[in-house]
Amino acid sequence: MSNVPSVPCSPSRLIDRAQVGELTTALAVHTGYGADGSTSATFAVNYGPADGRPREWSSVPFPFTAEGEAQARAKFAALVESAATVQAVMS
């Protein structure tokens, strides 16, 4: 089994995004570049109010590996599902 993610590490990109009610959840790859030209990346699940400022959002990082990608995708799906449940209860 390969430990290579299904997406490249560069450039940084949004992989998926969902807005449920007032909560937005995003799955992304964040890439950093070192002064020596090296590249490092992480998967991140970011979430917060749809109209909120970045400081109102939270971010959960995951390693840039196939396992990290799977964990990030699972976290993204769980947050979207939870938001949908909350919205259903509040409507």
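All of these numbers come straight from a predicted model, not from anything done at the bench.
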Handout entry: Exam field: side chain Asn3 to backbone Thr65, donor-acceptor pair closer than 3.5 Å
Key = no
Handout entry: Interatomic distance, Glu67 atom CD to Glu69 atom CD [nearest 0.5 angstrom]
Key = 11.5 Å
Completion exercise
side chain to side chain contact (heavy atoms under 4.5 Å, CB included) filter on Ser82, not counting sequence neighbours, yields none
Problem - Glu22 and Pro49, any side-chain heavy atoms less than 4.5 Å apart - result: no
Exercise for the section: Examine Val60 and Leu79 and state if one hydrophobic cluster contains both, with Ile, Leu, Val, Met, Phe, Trp and Tyr joined whenever side-chain heavy atoms are less than 4.5 Å apart. Expected result: yes
Handout entry: Inter-residue atom distance Ser6.OG - Arg73.CZ, 0.5 Å rounding
Key = 4.5 Å
Problem - Distance-minimising heavy-atom pair for Asn46 and Ala28 - result: ND2-CB, 4.3 Å
Problem - Ser12 side-chain N/O to Thr31 backbone N/O, donor-acceptor pair under 3.5 Å - result: yes
Handout entry: Distance-only side-chain donor-acceptor flag, Tyr33 / Ser10, under 3.5 Å
Key = yes
Handout entry: Partners passing ring pair (Phe, Tyr, Trp, His ring centres under 6.0 Å) against Phe43 (at least two apart in sequence or in another chain)
Key = Phe64
Exercise for the section: Just do the side-chain contact (heavy atoms from CB on, under 4.5 Å) check on Ile15 and Phe76 with the steps written out, would you? Expected result: CA-CA 11 Å; Ile15 298 170; Phe76 174 82; over 6 Å; no
Completion exercise
Scanning both residues in full, the closest heavy-atom pair of Val29 with Cys9 reads CG1-O, 3.6 Å
Problem - Any Phe62 side-chain heavy atom under 4.5 Å of Thr42 side chain - result: no
Problem - Expected output: side-chain Glu56 to main-chain Gly48 donor-acceptor under 3.5 Å - result: no
Handout entry: Side-chain donor/acceptor of Arg13 to backbone N/O of Pro11, under 3.5 Å
Key = yes
Problem - Which residues share a side chain to side chain contact (heavy atoms under 4.5 Å, CB included) with Arg17, sequence neighbours left out - result: Leu14, Gln19, Thr24
Fill in the blank from the handout: The side chain to side chain contact (heavy atoms under 4.5 Å, CB included) partner of Leu27 among Val7, Val80, Asp16 is Asp16
